[in-house]
Amino acid sequence: MIETMMPRPLLALLHICDSLFPIGGFGYSDGLEAATAAGLVETPADLQAWLDVCLDEVVGRMDGPAALRAWSAFDRQDWWALCQLDGEITAMRPSSAIRRSSRAMGVRLVTTWNALYPDRRLEQLLAFARMQRIGPFLPIAFGCACASAGVGMRDAGAAFAYTRLASTTSAALRLMRIGQTDAHAQLAKALERVPIAVEAMTARARPESFTPAMDISAMTQQYLHSRLFRS
């Protein structure tokens with residue numbers, strides 16, 4: 001029997017973050033489609049504002065701290081804390097479509113990563129998912145996968161921020177009249193602030209959430225006449 005070797009942490013991190021990794025993130029816009037349909041996000045400046053809120057509020061205050069806390073709980077094998085954290089993050093998402101999409105991507109991430117690089121701790125996480133004791137939501141799954149791969153906590157936080165910002169930029173390219181250079185220029189501006197956001201994540205005691213405009217866009221997504229994305 002040939003054992004699968006875990007790559008070095010940097011290579012593992014690149015693997016998890018690559019859009020090639022099959023978690024299905026390309027099918028979700030996290031409410032950006034509804035916002036563009038309503039004319040709320042039309043210009044590069046509008047996209048920059050959306051990315052800023054995504055980084056500062058969604059990633060910086062809620063999902064990012066959750067990913068870091070999940071990394072720590074997984075590393076300690078504190079399954080009760082992990083399940084509690086997942087439930088807390090679930091309750092913070094008012095949109096049922098976002099809850100479904102984040103859970104679907106989280107399960108797929110853990111399932112695929114464990115198939116590639118088996119880890120008994122990931123098996124335990126999947127067992128809890130089958131018992132419906134945990135989703136796991138995407139930030140929870142991401143933190144656990146990074147801990148499994150030996151990726152450091154701060155690197156995991158920065159990587160999670162990158163994946164969410166890049167995914168949003170990819171959705172914008174399909175939804176807006178914006179060129180690739182303009183879109184990536186806005187992404188680059190947001191990425192400049194990621195290190196500061198990661199430091200704030202590590203200092204935050206608990207995840208918090210207050211993004212009413214994004215939440216409303218996510219909840220109205222299902223009422224669009226035609227859609228490219230599922231959320």
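Treat the numbers as computed from the prediction; the structure is a model and nothing was measured.
Cluster membership check: Leu187 shares its hydrophobic cluster with Val41, using side-chain heavy-atom separations under 4.5 Å among Ile, Leu, Val, Met, Phe, Trp and Tyr. Hydrophobic clustering (side-chain heavy atoms under 4.5 Å, transitive across Ile, Leu, Val, Met, Phe, Trp, Tyr) groups Leu138 together with Tyr162. Both Met176 and Leu228 sit in one connected hydrophobic cluster of ILVMFWY residues. Membership requires side-chain heavy atoms under 4.5 Å apart, directly or through other members. Under the 4.5 Å side-chain heavy-atom criterion for Ile, Leu, Val, Met, Phe, Trp and Tyr, Tyr117 and Ile16 are members of the same hydrophobic cluster.
Residues Phe142 and Cys146 have side chains in contact (heavy-atom distance under 4.5 Å, counting atoms from C-beta outward). Contact check for Thr169 versus Gln186: no side-chain heavy atoms found under the 4.5 Å cut-off. With contacts defined as side-chain heavy-atom distances shorter than 4.5 Å, the pair Arg103/Thr90 qualifies. No side-chain heavy atom of Pro139 sits less than 4.5 Å from a side-chain heavy atom of Pro65. In this structure, Cys144 and Leu82 have side chains that are in contact, with non-hydrogen atoms separated by less than 4.5 Å. A 4.5 Å side-chain heavy-atom check between Gln77 and Arg120 finds at least one atom pair inside the cut-off. For the pair Leu165/Val194, a side-chain contact is recorded, criterion being any heavy-atom separation below 4.5 Å from C-beta on. Looking at Cys54 and Met214, their side chains come closer than 4.5 Å, going by heavy atoms from C-beta outward.
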Evaluate side chain to side chain contact (heavy atoms under 4.5 Å, CB included) for Phe74 paired with Gln124, printing each intermediate quantity in order. CA-CA 10 Å; Phe74 183 87; Gln124 182 63 62; over 6 Å; no

Start with the C-alpha distance between Arg177 and Glu42, add both sets of side-chain angles, then the distance that settles salt bridge (Lys or Arg N to Asp or Glu O under 4.0 Å), and finish with yes or no. CA-CA 7 Å; Arg177 294 180 178 178; Glu42 295 183 315; over 6 Å; no

What verdict does the side chain to side chain contact (heavy atoms under 4.5 Å, CB included) test give for Arg133 and Trp79, after you've listed the backbone C-alpha separation in whole Å, the side-chain angles of each residue and the deciding distance to 0.1 Å? CA-CA 10 Å; Arg133 293 180 58 185; Trp79 305 115; 6.0 Å; no

Just do the side chain to side chain contact (heavy atoms under 4.5 Å, CB included) check on Arg93 and Phe137 with the steps written out, would you? CA-CA 11 Å; Arg93 288 291 199 184; Phe137 255 43; 3.8 Å; yes

Test side chain to side chain contact (heavy atoms under 4.5 Å, CB included) applied to Arg206 and Arg69, step by step: CA-CA 9 Å; Arg206 300 194 67 83; Arg69 289 168 67 89; 3.3 Å; yes

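Without hydrogens or angle criteria, Gln221 side chain to Phe229 main chain gives a donor-acceptor distance under 3.5 Å.
Every residue was checked against the ring pair (Phe, Tyr, Trp, His ring centres under 6.0 Å) condition with Tyr28, not counting sequence neighbours, and none meets it. The side chain to side chain donor-acceptor pair (under 3.5 Å) check on Arg204 picks up Glu208, with sequence neighbours excluded. Residues meeting the salt bridge (Lys or Arg N to Asp or Glu O under 4.0 Å) test with Asp30, sequence neighbours left out: Arg164.
Between Ile98 and Ser101 the shortest heavy-atom distance is O-OG, 3.0 Å. Here the shortest heavy-atom pairing between Pro136 and Val107 reads CD-CG2, 3.7 Å. For Met153 against Ser72, the heavy-atom pair with the smallest separation is CE-CB, 3.9 Å. Scanning all heavy atoms of the two residues, the minimum distance from Ile178 to Leu173 falls at O-CD2, 3.9 Å. In terms of heavy-atom proximity, Ala67 sits nearest to Phe160 at CB-CG, 4.5 Å. Nearest approach of Arg227 to Gln222, heavy atoms of both residues: NH1-CA, 3.7 Å.
For the residue pair Gln48 and Asp52, a side-chain donor N or O sits within less than 3.5 Å of a side-chain acceptor on the partner. Side chains of Thr43 and Asp46: a donor-acceptor N/O pair is present below 3.5 angstrom, by distance only.
In this structure, the separation between CD1 on Ile23 and CG on Asp18 is 11.0 Å, given to the nearest 0.5 Å. Annotation: the span from Glu88 atom CD to Ser209 atom OG amounts to 10.5 Å, rounded to 0.5 Å. Rounded to the nearest 0.5 Å, atoms CZ (Arg174) and OG1 (Thr36) are 11.5 Å apart.
When the options Leu109, Leu125, Leu126 are evaluated for a side chain to side chain contact (heavy atoms under 4.5 Å, CB included) with Asn114, the one that passes is Leu126.
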